[in-house]
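I have placed the structure first, in the form of structure tokens, so that the comments after it can refer back to it.
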Amino acid sequence: MNTDNLHNLLYEALETEIGGIAVYSTALKCAQNDDLKKEWQEYLEQTKNHERIVRSVFEQIGLDPSVETPGRLVVRHVGESLVKAMEMAKSSAPPEAAQIVAGECVVFAETKDHLNWELIGLAAKKATGDTKKALKEAYDEVEDEEDEHLYHTTGWTRELWIESLGMPAVLPPPEEQKDVKTAIGAARAKNARGDMT
Ligand SMILES: [Fe+2]
Ligand SMILES: [Fe+2]
């Protein structure tokens, strides 16, 4: 295990969760659909909890959460750009279009978040001692929620686009109706959407 890069990953994961709070707070201002608002409000609360969980991993393995790494600066830049993109849409586009932009921005943010936790899960299997324990406990608490954040919001964004194109949309999306938590489940749910419209 390359410990330096495991630490780099953890700094990026912390920054992703911090940025995620700003992304959801802004996305909520763009949300129009009540079910979507409810969903993102829940994800915002979960993301705040994820930040606490990552900070507790830092404590358990003796990492200083205030250290700036090149990787976390990149993650912060991307997060701030996503917030700016949503603000741009909110001030210049119709509300329905700004809502779709927010969906796309959440998917961008959650793609990174999901990758971080997938890697943390793999690292937890290889690690030993206190590091293994800290990573595994954090992963077990977070992973299911990250699956929902990514797959359900991807579904929302696709269906909101479909609706805006004047075609029959499935809202809430099949990923949410079928409570999808895996990539295979997401593919199946998307495949079944034709029968749901
Ligand atoms: Fe998260
Ligand atoms: Fe997330």
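Remember, it's 1-based here, ligands and their atoms both numbered in the order they're listed. Quick caveat: nothing in here was measured; it's all calculated off a predicted structure.
Salt bridge annotation for Glu12-Lys112: present, with a cationic side-chain nitrogen under 4.0 angstrom from a carboxylate oxygen. Under 4.0 Å is where a charged nitrogen must lie from a carboxylate oxygen, and between Glu68 and Arg72 at least one such pair does. By the 4.0 Å N-to-carboxylate-O rule, Lys190 lies too far from Glu175 to be salt-bridged with it.
Side chain of Glu159 to backbone of Pro172: no donor-acceptor contact under 3.5 angstrom is found.
Only protein N, O or S atoms were considered, and those under 2.8 Å from the Fe ion (ligand 1) are Glu17 OE1, Glu17 OE2, His50 ND1, Asp113 OD2, Glu146 OE2.
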In residues 40-47, what donor-acceptor pairs under 3.5 Å come from side-chain atoms, sequence neighbours left out?
residue : atom : partner : partner atom : Å
Tyr43   : OH   : Glu39   : OE2          : 2.5
Gln46   : OE1  : His149  : NE2          : 2.7
Thr47   : OG1  : Tyr43   : O            : 2.7

Do Tyr139 and Glu146 pass the side chain to side chain contact (heavy atoms under 4.5 Å, CB included) test, and can you show the C-alpha distance, the side-chain angles, and the key distance before you say yes or no?
CA-CA 10 Å; Tyr139 174 80; Glu146 296 301 4; over 6 Å; no
